[in-house]
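The block underneath contains the structure these notes are about, expressed in structure tokens.
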Amino acid sequence: MKKILLLVFILSCSAAFPQVLGSRLDKETLALGEVGTFRISISDLQGKDVVSAPKNELLPFHFEEIKDSIDKQADSYTRIIEFAVFEEGKFTIPALDFRIGGKLYHTIPYEVEVVNTAQKGDQINDIMKNKEVKLVLQDYWQLYKWYILGALIVLALIFIIYQLIKYGKRRKSSPVVMTNQTLKDLENLKKKKFIETGNYRAFYVELLDISRNFLTKQYRIPADVLLTDDLIGVLKETNSVSPENEQLLSDIFLRGDLVKFAKTFPGEADMQNDFNGIKNFVKRSAKDLEAETLRSGV
């Protein structure tokens with residue numbers, strides 16, 4: 001009978017005093033960055049489940065949670081959160097929700113004041129003195145290798161571009177290229193059929209222009225600005241062309257001037273001979289210049 005009465009008493013106490021939710025904040029005033037501790041405890045669980053916010057997500061935004069530990073036993077629950085605040089002011093830990101065995105409970109709210117304890121003019125000392133580290137060549141290579149490799153790649157690209165431009169200019173101004181271009185100009189002149197139609201003045205104007213342009217670029221003679229007599233004199237003085245070519249050019253240029261000023265009227269045979277003479281001179285020029293270059297050793 002006594003045992004039955006004792007069991008009834010225990011059950012009555014359990015019904016009268018259910019589980020208790022408690023919380024405690026160790027400090028209500030904190031310095032900037034100082035660590036505070038917030039503790040939640042639940043007693044007399046009687047094996048019930050406890051549901052709350054996930055770890056590191058219980059406290060509001062301004063509270064930087066450093067550590068969040070939960071200890072759950074059959075009859076008790078303890079959650080300890082270490083936190084810090086890195087702004088001055090007053091911040092609130094609101095009433096937090098805990099669901100125990102399907103029933104919702106709340107903690108009491110807390111207000112935390114955060115102050116800046118540093119004073120103006122305070123000397124700030126390093127915790128540890130700077131340590132001197134001696135670096136070897138391999139260390140410098142590891143530090144700066146990408147800068148060095150990048151610089152080398154840029155220099156290599158600049159060198160390649162420079163050589164391509166230089167080669168392009170040299171190729172463009174080579175005797176063979178200039179010869180081929182002039183031969184094309186002569187072919188275009190022939191297609192105009194000035195010889196066949198007897199348009200001798202237009203023929204000699206264009207033939208002499210092509211010849212002067214060729215001498216200017218191929219032999220570096222300012223033929224495009226010199227008068228005919230001056231040009232013939234320069235050819236003789238510089239020995240730029242062979243005596244045979246010099247005589248050929250002299251005859252054609254003098255005849256062309258007479259034709260342009262209507263002092264003479266050439267026949268179709270003379271026009272054809274002058275065209276062929278210039279064409280053959282242009283064809284031979286590349287070989288003559290290359291042979292002269294080999295002889296002079298340039």
For D68 versus P54, what's the shortest heavy-atom pair and its separation?
OD2-O, 4.3 Å
Looking only at the side chains, is there a donor atom on one of T238 and R220 sitting less than 3.5 Å from an acceptor on the other?
no
Measure the NZ-CD distance between K192 and E206 for me, rounded to the nearest 0.5 Å.
3.5 Å
Verify same cluster id: I210, V205 (apolar side-chain graph, 4.5 Å):
no
May I ask you to test the I42-I100 pair for a side-chain heavy-atom distance under 4.5 Å?
yes
Quick one: salt bridge (Lys or Arg N to Asp or Glu O under 4.0 Å) pairs with a partner in residues 224-242, sequence neighbours left out?
none
Under the salt bridge (charged side-chain N to carboxylate O under 4.0 Å, His left out) rule, collect the residues that match up with D185, sequence neighbours excluded.
none
By the rule that ILVMFWY residues connect when side-chain heavy atoms come within less than 4.5 angstrom, directly or transitively, which residues belong alongside L155?
none
Is there side-chain contact between S43 and Y77, with at least one heavy-atom pair below 4.5 Å?
no
Smallest heavy-atom separation, F203 atom then M271 atom, equals CZ-O, 3.5 Å
In the structure I gave you, are the side-chain heavy atoms of V50 and K72 within less than 4.5 Å of one another anywhere?
yes
Are side-chain heavy atoms of E57 and E65 found at a separation under 4.5 Å?
no
Other hydrophobic cluster members with L254, side-chain heavy atoms of Ile/Leu/Val/Met/Phe/Trp/Tyr under 4.5 Å, chained?
I232
Step through the shown structure and confirm whether more than 12 heavy atoms of other residues, nucleotides or ligands are within 6.0 Å of NZ on K67.
no
Would you say the side chain of T216 lies within less than 4.5 Å of the side chain of I221, judging by non-hydrogen atoms?
no
For S23 and T107, the nearest pair of non-hydrogen atoms, with its separation, is OG-CB, 3.9 Å
Quick one: list whatever passes salt bridge (charged side-chain N to carboxylate O under 4.0 Å, His left out) with E64, sequence neighbours left out.
none
To the nearest 0.5 Å, what is the distance between OG1 on T182 and NZ on K279?
12.5 Å
Exercise: identify the closest heavy-atom pair between R79 and S52:
NH1-OG, 2.8 Å
Considering only distance and modelled atom types, tabulate donor-acceptor pairs under 3.5 Å from the side chains of residues 82-95, sequence neighbours left out.
none

Name every donor-acceptor pair, under 3.5 Å, that has one atom in a side chain of residues 27-39 and the other anywhere in the protein, sequence neighbours excluded.
| from | atom 1 | to | atom 2 | distance (Å) |
| --- | --- | --- | --- | --- |
| K27 | NZ | E34 | OE2 | 2.5 |
| E34 | OE1 | A31 | N | 2.8 |

Could you tell me whether a side-chain N or O of D270 sits under 3.5 Å from a main-chain N or O of P266, the two making a donor and an acceptor?
no
Grouping I, L, V, M, F, W and Y whenever their side-chain heavy atoms are under 4.5 Å apart, do L183 and Y219 come out in a common cluster?
yes
Give the cluster check for I80 versus F63: same hydrophobic cluster or not, with ILVMFWY residues linked at side-chain heavy-atom distances below 4.5 Å.
no
Any side-chain heavy atom of L189 within less than 4.5 Å of one from F194?
yes
Quick one: are T78 and I40 in side-chain contact, heavy atoms under 4.5 Å?
no
Qualifying ring pair (Phe, Tyr, Trp, His ring centres under 6.0 Å) pairs, either residue in residues 225-268, two or more places apart:
Y200-F265
With clusters defined by side-chain heavy atoms of hydrophobic residues (ILVMFWY) lying less than 4.5 Å apart, directly or transitively, does V115 cluster with L25?
no
Which atom pair, heavy atoms only, marks the closest approach of T179 to Q218?
OG1-NE2, 3.1 Å
Report the residues that fulfil salt bridge (charged side-chain N to carboxylate O under 4.0 Å, His left out) with R255, sequence neighbours left out, ordered by chain and then residue number.
D274
Is the side chain of N188 donor-acceptor paired with the backbone N or O of K184 at a distance under 3.5 Å, no angle test?
yes
Would you compute the distance between atom CD1 of I278 and atom CG of L248 and round it to the nearest 0.5 angstrom?
5.5 Å
Straight-line distance of F281 CZ to E244 CD, nearest 0.5 Å
12.0 Å
For D209, does its backbone N or O pair with a side-chain atom of N213 as donor and acceptor, under 3.5 Å?
no
Among the clusters formed by ILVMFWY side chains lying less than 4.5 Å apart, do V51 and L58 turn up in the same one?
no
Locate the shortest heavy-atom distance separating L231 from A223; write the atom from each residue and the value.
CD1-CB, 3.7 Å
Atom pair CZ/NZ of F275 and K190 - distance to nearest 0.5 Å:
6.0 Å
Residues joined to I153 in its hydrophobic cluster, side chain to side chain under 4.5 Å directly or through other members, sorted by chain and number, are L157
Under 3.5 Å, is there a donor-acceptor pair between the N245 and S242 side chains?
yes
Sequence neighbours left out, what passes salt bridge (charged side-chain N to carboxylate O under 4.0 Å, His left out) with D257? Give chain and number order.
K260
Flag yes if more than 12 heavy atoms outside E187 fall under 6.0 Å of its CD atom; otherwise flag no.
yes
Side chains of R212 and V225 in contact at under 4.5 Å (non-hydrogen atoms):
no
Can you tell me how far apart CG (L21) and OG (S41) are? Round to the nearest 0.5 Å.
7.5 Å
In chain order, what residues pass the ring pair (Phe, Tyr, Trp, His ring centres under 6.0 Å) check against F98, with sequence neighbours excluded?
none
